[in-house]
Amino acid sequence: MTLTDPLDAKGPLDTTAPAPPPVPTGSLLPVFVQLKLSLMRNGLRQSAGRRAAYITSLVITVLFAALQLLGLVLLRGVDDADALVTVLTAVLALGWAVMPLFFPSGDETLDPTRLVMLPLRPRPLIGALLVSSLIGVGPLFTLTLVVGSLVAIAHGAAAAAAAVLAGVLAVLTCVALARAVATANTRLLSSRKGRDLALLSGLFVAIGVQFVNMGVQKLSGQGGLGVLRPTADILRWVPPASAIDAVRGVSEGAYGPAAAQFALSAVALALLMWWWSRSLTHLMTAPDSSTIQQEKPRRGDDAAGSSAAERGALGRLLPAGRTGTVMLRTLRYAVRDPKAKASWVSSLGVGLLMPFLTSVQGNGSIYWSCWAAGMLGMQMYNQFGQDSSAFWMVAQTISSPRDAYLELRGRAFAVALVGVPYVLLAVVGSAAFLKKPAAVPEALGLAFGLLGTLLATGAMASALRPYSIPQDSAKNVAPGQGSLAWMSLFGGMIAGTLLCAPLLGLTIWLHTSGMHSLLWVLLPLGVVYGAAIAETGLRLAAPRTAGRLPEILAAVSKG
């Protein structure tokens, strides 16, 4: 049977002809590797500031990794060095598991939600994603730590050969663990059902970090590396630490236990790859539950009136005008937005937990309560990025430095509205726990001063180094902006700490000169100094915000 195509002057079309052979598709591996490199290269081309931030963070990371490598190499032959590297590997794997969820710095090649419309099978896709995940600063740091650990404990030719296998297993397990956890929780923070779980996860990670800090402080005391032996005896059977400890077994001639540890690590890697494949398949084939839920029945007029009354009551407690409106919006973000809520709860939890943990381990001090001010002051950073693409609506209302000042002031007031009673609770509670009520005035003065400096530097960082927080994925930083986020946060915190130098110097001088009866003056001085430095920071950030609105809007809308 033939048909005549009116657009084809050559004659009839033969529909019985065999179909052309399928075009061969190449391996995904080089495509994803080239895509990863292209994304990194193009991200650095966008602005000189981003290049500077990335290069600075890369230099700092490489320098720290080199010093860490040198320190581990110097431990070669030291007693209990194997206990240290085993614990380090376990902590490293834990970091890979939780960091992608709360401090991500990946890119589009690692986000499976961007690939759901492409005809890709999970198995070759996972291989390509795994290899592309090995490109970056994080994998380089991990490789350096693993190599240093293996050099410290490998003795003999057999151990050297085993170290190669152990290094490959350790690095692949860490990367696969991070990717599997990230894929399984891609929709966690954007899902209403996972909001509470995300909050609990954030608190769990924050508390876990503090316990790690306790371990480091204990390690620096008496006993040396031997204090890690009981913990290492347990973690030596937990992958990927088991692969590292297997090298020690080979060095000592314990080939049987070493083989079992290698097998355990290989099985763990295989299970992680299977879990990753299953999660990826489900993510790319199953619809989002939020799109298939039935519409809930609409509330009655009474419920709507009650909700309106609640909003009105909250609004009446805040100042009139734009300041009160901005405060109300910021506080609602902190309650309703899953990512903002997780950040606030984690900061509040760590701020109260730190004084208690230091007291339990015998290093209690009233000054540890200043962590409350530090953790909550971090909420002032990247204020515009928290709005994401919706910031364009705010930008439409900013036509002068005065408008920018009122916007920043409202956001700072919202943080201070929670921060002032929170800091007061943390300091007074710490003093009661430590039975040092006389130290409350000086600690409160330092805490309020620190809160004010962080509000000031946070406003400046929000104007000069904004970055996007994607709302449709588990990432908290848009692809290509990870270095910018770290530089903004840590640079601002260092500047805020330096701005507290006058209060710190006065405190030290009063203590060393024996003028303890005048320590109470730190409270009014801290309040006045914190308020003055915060006001100065807001006024300095306002014209920069108004003048950089296009750049800020482009940066925060990237995700």
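Side-chain atoms are counted along with the backbone in the values below, which use heavy atoms only and exclude waters and symmetry mates.
Put simply, the side chain of Thr457 reaches to within 4.5 Å of the side chain of Tyr381, judged on heavy atoms. Counting heavy atoms from C-beta outward, Thr173 and Leu272 have side chains that approach closer than 4.5 Å. For the pair Val423 and Leu376, the minimum side-chain heavy-atom distance is 4.5 Å or more. For the pair Met375/Leu348, no side-chain contact is recorded, criterion being any heavy-atom separation below 4.5 Å from C-beta on. In this structure, the side chains of Leu523 and Val527 come closer than 4.5 Å at one or more pairs of heavy atoms. Between Pro240 and Cys174, the closest side-chain pair of non-hydrogen atoms falls below 4.5 Å. Between Phe141 and Val62, every side-chain heavy-atom pair lies at or beyond the 4.5 Å cut-off. The shortest side-chain heavy-atom distance between Thr330 and Phe413 does not fall under the 4.5 Å cut-off.
The salt bridge (Lys or Arg N to Asp or Glu O under 4.0 Å) contacts involving residues 530-539 comprise Glu535-Arg539, where partners must be two or more places apart or lie in separate chains. Note on residues 433-442: no pairs pass salt bridge (Lys or Arg N to Asp or Glu O under 4.0 Å), not counting sequence neighbours.
Atom CG of Leu92 is separated from atom CG of Leu145 by 5.5 Å, given to the nearest 0.5 angstrom. Once rounded to the nearest 0.5 Å, the distance linking OH of Tyr333 with CH2 of Trp344 reads 14.0 Å. Between atom CG of residue Leu444 and atom CG of residue Leu522 there is a gap of 10.5 Å, rounded to the nearest 0.5 Å. Between Ile398 atom CD1 and Leu408 atom CG the span is 7.5 Å, to the nearest 0.5 Å. Distance check, rounded to the nearest 0.5 Å: CG of Leu446 to CG of Leu525 gives 10.5 Å. One finds the CZ atom of Phe391 at 6.5 Å from the CG atom of Leu553 (value rounded to the nearest 0.5 Å).
Remark: side-chain polar atoms of Thr183 are not paired, donor with acceptor, to backbone N or O of Ala180 under 3.5 angstrom. One N or O on the side chain of Asn382 and one on the backbone of Tyr467 form a donor-acceptor pair closer than 3.5 Å. No donor-acceptor distance shorter than 3.5 angstrom exists from the side chain of Ser279 to the backbone of Trp276, with no hydrogens or angles considered. At least one donor-acceptor pair closer than 3.5 Å links the side chain of Arg411 to the backbone N or O of Gln383. The backbone N or O of Met380 sits less than 3.5 Å from a side-chain atom of Ser462, completing a donor-acceptor pair.
In this model, no donor atom of one side chain and acceptor atom of the other lie less than 3.5 Å apart for Ser430 and Trp368. Between Ser347 and Gln379, the side chains place a donor N or O and an acceptor N or O closer than 3.5 Å (distance only, hydrogens not considered). Looking only at atom types and distance, the side chain of Tyr529 has no donor-acceptor partner in the side chain of Thr453 under 3.5 Å away. Side-chain contact annotation: Thr323 with Arg409, donor-acceptor N/O pair under 3.5 Å present.
The nearest pair of heavy atoms linking Ser133 to Pro139 is O-CG, 3.1 Å. Contact record, Ala542 with Pro401: CB-O, 3.5 Å, taken as the closest heavy-atom pair. The two residues Ala463 and Ala541 make their nearest non-hydrogen contact at CB-O, 4.0 Å. Across Ala439 and Ile366, no two heavy atoms sit closer than the pair CB-CG2, 3.9 Å. Taking every heavy atom of both residues into account, Val427 and Ala447 meet most closely at CG2-CB, 4.3 Å. What you find for Leu235 and Ala241 is that their closest heavy atoms are O-CB, 3.4 Å.
When the shell of 6.0 Å around CH2 of Trp520 is examined, it contains 12 or fewer heavy atoms from other residues, nucleotides or ligands.
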Go through Arg179 and Leu129 one step at a time and tell me if the side chain to side chain contact (heavy atoms under 4.5 Å, CB included) criterion holds.
CA-CA 9 Å; Arg179 293 300 97 210; Leu129 288 174; 5.8 Å; no
Checking Leu417 against Leu331 for the side chain to side chain contact (heavy atoms under 4.5 Å, CB included) test, could you report, in this order, the C-alpha distance in whole Å, the side-chain angles of both residues, the deciding distance, and whether it holds?
CA-CA 10 Å; Leu417 182 64; Leu331 293 174; 3.9 Å; yes
Side chain to side chain contact (heavy atoms under 4.5 Å, CB included) evaluation trace for Val326 with Leu406
CA-CA 8 Å; Val326 175; Leu406 294 177; over 6 Å; no
Would Trp371 and Leu352 count as a side chain to side chain contact (heavy atoms under 4.5 Å, CB included) here? Give the steps.
CA-CA 8 Å; Trp371 267 88; Leu352 291 178; over 6 Å; no
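Every residue two or more places apart in sequence or in another chain that forms a salt bridge (charged side-chain N to carboxylate O under 4.0 Å, His left out) with Arg322 is listed here: Glu407.
Below 30°, between 30° and 60°, or above 60°: for Tyr367 and His511 the angle between ring planes is above 60°, a perpendicular geometry.
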